[in-house]
Amino acid sequence: MKLVKINAKDNVAVALEALSAGEVLIVEGEPVTILGDIIPGHKVALDNIKEGEAVIKYGYPIGRAKKDIRKGEWVHTFNLKTQLEESGDYHYDEECAKEYLIEAEERQKRNLSDGCPCIKAYERKNGDIGIRNGLWIVPTVGCVNEISKKLASWGNENLGLEDGVKAWTHPFGCSQLGDDHENTRKILSGLVKHPNAGGVLVVGLGCENNTMDSFKALLGSVDEERIKFMVCQEEDDELEKGKELLQQIASVMKNDKRTVVSASRLVVGMKCGGSDGLSGITANPLVGRFTDALTAIGGTAILTEVPEMFGAEQVLMDRAASREVYEKIVDMINAFKHYFVSHGQVVYENPSPGNKSGGITTLEDKSLGCVQKGGSAPVTGVLHYGDKVSTKGLNLLSGPGNDIVSTTVQTASGAHMILFTTGRGTPLGAPVPTVKIATNTPLSEKKKSWIDFNAGRLLTEDKEKVVSDFISYILEVASGEKHTRNEENGYSEISIFKDGVVL
């Protein structure tokens with residue numbers, strides 16, 4: 001198969017391999033003569049499309065023709081333009097939402113009859129589970145980054161912890177105002193209380209805006225055996241004091257053991273980066289199948305990257321579990337559009353050069369592929385930036401598309417791991433296991449040190465077997481039986497969203 005038509009309504013198909021001018025291909029019984037050389041991931045017109053007419057992919061418009069497009073012609077930036085605007089006309093379709101809820105109930109019944117899978121995880125005192133047991137160092141302010149890194153290095157050389165010691169350095173915590181200051185505090189709080197951390201040392205300077213006392217108040221009650229605090233200006237030798245505190249925490253952590261728990265307690269984030277024309281055909285739908293399976297057993301999934309919902313937001317709104325959830329989705333979308341407009345930017349300044357090279361033309365094209373990571377699960381919750389997830393099912397989380405910023409906010413919201421689809425490849429990692437899923441086999445073969453799972457298999461193998469292998473792999477990662485490439489490589493970092501003034 002060289003061309004794939006994704007939805008019966010589509011008037012374009014996607015090339016799965018290089019096509020040459022003059023080739024005649026059959027799509028749904030109809031011949032299509034290719035009018036020019038086309039590279040994999042790019043679109044081919046299946047019908048004559050007149051100037052101004054909608055180009056349909058995934059069953060939805062991805063823009064309008066800039067000029068007449070002939071059947072068999074390459075469809076890309078030179079003849080297709082976005083139709084997105086800064087404002088949107090949204091609606092709540094209660095009957096449509098009910099259909100998704102009924103489908104979800106049927107999936108739940110099937111999964112319950114098959115039995116809920118289990119994983120091995122660390123039980124925490126507050127009822128959470130962790131799938132890793134790292135010792136994390138969280139600076140309250142960027143001024144103590146180097147001290148935190150020195151302590152982490154010492155800890156890795158001397159403490160012998162299976163999941164090591166990591167310092168989550170950042171440049172903030174002081175000289176910030178308003179929402180920026182609170183966002184920093186919320187993200188750092190989410191890291192301190194993350195269940196993948198068996199223990200945490202919070203390191204402050206002493207004169208920063210994010211004072212240790214105010215940060216402790218934000219954290220609330222903590223396990224004092226596992227979470228320790230140090231203000232460097234109050235210590236004669238902050239490195240020696242830090243080592244002492246790390247040893248105290250490690251002595252408690254060394255008794256931790258994995259126990260068998262239900263996989264329904266998993267919280268999984270979803271992210272894409274370096275998307276290509278196959279992202280919405282292989283990797284993102286594969287993650288969507290996992291999302292449906294996870295939520296069907298009572299698990300939790302988090303979808304973020306709000307700018308990459310623009311053009312596909314109504315698809316998510318149609319799956320709102322209630323009118324209240326629908327209105328929260330509308331508010332989230334409009335708030336992010338306002339953020340763009342307030343900075344004098346258009347909402348459709350996307351996709352990236354790499355996306356376009358891979359076959360994605362407009363933001364609608366990208367977004368309709370991106371949201372497939374959410375499967376067909378009803379949307380049960382909507383979170384503000386930095387909020388901790390508390391509702392089972394599929395949650396939408398406010399955050400930008402930037403890879404490290406969005407993986408950081410998913411981590412802080414409680415994701416145990418992140419499923420990261422990519423058509424171009426990326427080495428980055430979040431503080432939690434970051435599963436890289438290649439959209440195509442050549443990428444998987446070329447970047448073996450980056451890629452964890454090859455969704456390109458869907459084009460050549462039995463789909464149900466690939467889905468089964470994928471779910472099994474995720475459960476093995478969750479149980480600590482396998483580690484992701486970013487863990488093996490030691491690639492992990494954080495980045496915090498910033499919008500306002502720096503003093």
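No hydrogens, no waters, no symmetry mates; every other heavy atom, side chains included, goes into these values.
Checking Ser492 against Lys166 by side-chain atom types alone, a donor-acceptor pair falls below 3.5 Å. Counting only N and O atoms by type, the side chains of His194 and Asp128 include no donor and acceptor under 3.5 Å apart. A donor and an acceptor atom, one from each side chain of Asn145 and Ser148, are nowhere located under 3.5 Å apart. A donor-acceptor contact under 3.5 angstrom links the side chains of Thr484 and Glu487, judged on distance only. A donor atom on one side chain and an acceptor atom on the other are not found under 3.5 Å apart for Thr211 and Asp213. Between the side chains of Asp292 and Ser376, at least one donor N or O lies within less than 3.5 Å of an accepting N or O. Judged by distance alone, the side chains of Tyr90 and Gln314 never bring a donor and an acceptor atom under 3.5 Å apart. With no hydrogens or angles considered, a side-chain donor-acceptor pair links Asp276 and Thr439 at under 3.5 Å. Side-chain atoms of Asp452 and Tyr473 form a donor-acceptor pair, as typed in the model, at a separation below 3.5 Å. Lys436 and Asn486 form no side-chain donor-acceptor contact under 3.5 Å, judged by distance and modelled atom types alone. Under the 3.5 Å distance criterion, with hydrogens and angles disregarded, no donor-acceptor pair is assigned to the side chains of Thr140 and Asn210. A side-chain donor-acceptor contact under 3.5 Å links Asn133 and Asp256.
In this structure, Lys446 places its NZ atom where only 12 or fewer heavy-atom neighbours from other residues, nucleotides or ligands lie under 6.0 Å away. In the displayed structure, Arg289 atom CZ is contacted under 6.0 Å by at most 12 heavy atoms of other residues, nucleotides or ligands. Summarising the local packing, CD of Glu162 is surrounded by 12 or fewer heavy atoms from other residues, nucleotides or ligands at distances under 6.0 Å. Heavy atoms of other residues, nucleotides or ligands lying less than 6.0 angstrom from CG of Asp179 number 12 at most. A 6.0 Å sphere centred on NZ of Lys150 holds no more than 12 heavy atoms belonging to other residues, nucleotides or ligands. Summarising the local packing, NZ of Lys120 is surrounded by 12 or fewer heavy atoms from other residues, nucleotides or ligands at distances under 6.0 Å.
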Start with the C-alpha distance between Glu244 and Lys228, add both sets of side-chain angles, then the distance that settles salt bridge (Lys or Arg N to Asp or Glu O under 4.0 Å), and finish with yes or no. CA-CA 11 Å; Glu244 177 187 329; Lys228 304 288 185 180; over 6 Å; no

Worked verdict on Glu238 versus Lys241 for salt bridge (Lys or Arg N to Asp or Glu O under 4.0 Å): CA-CA 5 Å; Glu238 68 280 352; Lys241 180 63 176 179; over 6 Å; no

Kindly indicate, with the supporting measurements, whether the criterion side-chain contact (heavy atoms from CB on, under 4.5 Å) is fulfilled by His483 and Val477. CA-CA 6 Å; His483 285 80; Val477 171; over 6 Å; no

Run the side-chain hydrogen bond (donor to acceptor under 3.5 Å, both in side chains) check on Arg265 and Thr300 step by step: do they pass? CA-CA 7 Å; Arg265 296 172 70 179; Thr300 307; over 6 Å; no

side-chain contact (heavy atoms from CB on, under 4.5 Å) for Arg424 and Ser275? Distances and angles first, verdict last. CA-CA 6 Å; Arg424 311 284 293 182; Ser275 300; over 6 Å; no

Could you walk me through whether Lys373 and Glu305 pass the salt bridge (Lys or Arg N to Asp or Glu O under 4.0 Å) check? CA-CA 12 Å; Lys373 298 191 298 293; Glu305 302 177 277; 3.8 Å; yes

Lys328 vs Glu324, test: salt bridge (Lys or Arg N to Asp or Glu O under 4.0 Å). Steps then yes/no. CA-CA 6 Å; Lys328 288 181 178 180; Glu324 180 184 5; 3.7 Å; yes

Output, in order, the C-alpha distance, side-chain angles, deciding distance and verdict of side-chain contact (heavy atoms from CB on, under 4.5 Å) for Cys272 and Glu308. CA-CA 10 Å; Cys272 53; Glu308 294 176 21; 3.9 Å; yes

With side-chain contact (heavy atoms from CB on, under 4.5 Å) as the test, would you mind laying out the steps for Lys271 and Ser406 before giving the verdict? CA-CA 8 Å; Lys271 172 78 181 83; Ser406 58; 2.7 Å; yes

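Between Ile360 and Gly277 the shortest heavy-atom distance is CG1-N, 4.3 Å. Pairing each heavy atom of Gly130 with each of Asn196, the nearest pair is CA-OD1, 3.6 Å. Contact between Ser444 and Asn454 at its shortest, heavy atoms only, is OG-CB, 3.4 Å. Residue Ile302 comes nearest to Gln410 through the heavy atom pair O-NE2, 3.0 Å, listed as atom of the first residue, atom of the second, then distance. Residues Gly273 and Asp403 share a closest heavy-atom pair of CA-OD1, 3.9 Å. Here the closest non-hydrogen pair linking Val409 and Gly386 is CG2-N, 3.6 Å.
Val192 has its side chain out of reach of Phe229: every pair of non-hydrogen atoms, C-beta onward, lies at least 4.5 Å apart. Residues Thr259 and Val261 have side chains in contact (heavy-atom distance under 4.5 Å, counting atoms from C-beta outward). In this structure, the side chains of Leu428 and Tyr491 stay at 4.5 Å or more apart for every pair of heavy atoms. Between Leu303 and Leu397 the shortest side-chain heavy-atom distance does not fall below 4.5 Å. By the 4.5 Å heavy-atom criterion applied to side chains, Met317 and Val379 are not counted as neighbours. A 4.5 Å side-chain heavy-atom check between Trp450 and Thr422 finds every atom pair outside the cut-off. In this structure, the side chains of Phe172 and Val141 stay at 4.5 Å or more apart for every pair of heavy atoms. Within the 4.5 Å cutoff, no side-chain heavy atoms of Leu383 are placed close to those of Leu396.
By the side chain to side chain contact (heavy atoms under 4.5 Å, CB included) test, Thr82 pairs with Leu84, Tyr348, Thr362, Glu364, sequence neighbours left out.
Interatomic distance, Leu219 CG to Ser189 OG, rounded to the nearest 0.5 Å: 4.5 Å. Note that OG1 of Thr408 is 7.5 Å distant from CG of Leu191, once rounded to the nearest 0.5 Å. Note that OG1 of Thr304 is 10.0 Å distant from CD1 of Ile418, once rounded to the nearest 0.5 Å. Within the model, atoms SG of Cys232 and CG of Leu205 stand 6.5 Å from one another, a figure rounded to the nearest 0.5 Å.
Tested against Ile137 for a side-chain contact (heavy atoms from CB on, under 4.5 Å), the candidates Leu151, Val200, Val144, Ile147 yield a single pass: Leu151.
Centroid-to-centroid, the aromatic rings of Phe420 and Phe453 stay 6.0 Å apart or farther.
Remark: Lys337 engages Glu313 in a salt bridge, criterion side-chain N to carboxylate O under 4.0 Å.
Proximity of a side-chain donor or acceptor of Asn440 to a complementary backbone N or O of Gly456 within less than 3.5 Å is not detected.
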Taking distance alone, no hydrogens or angles, what donor-acceptor pairs closer than 3.5 Å link side-chain atoms of residues 152-161 to residues at least two apart or in another chain?
{"unit_1": "Asn156", "atom_1": "OD1", "unit_2": "Val165", "atom_2": "N", "d": "2.7"}
{"unit_1": "Asn156", "atom_1": "ND2", "unit_2": "Ala152", "atom_2": "O", "d": "3.2"}
{"unit_1": "Asn156", "atom_1": "ND2", "unit_2": "Val165", "atom_2": "O", "d": "2.9"}
{"unit_1": "Asn158", "atom_1": "ND2", "unit_2": "Trp154", "atom_2": "O", "d": "2.8"}

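Ring geometry for Phe340 against Phe310 counts as perpendicular: the plane angle is over 60°, on a 0 to 90° scale with 30° as the lower cut.
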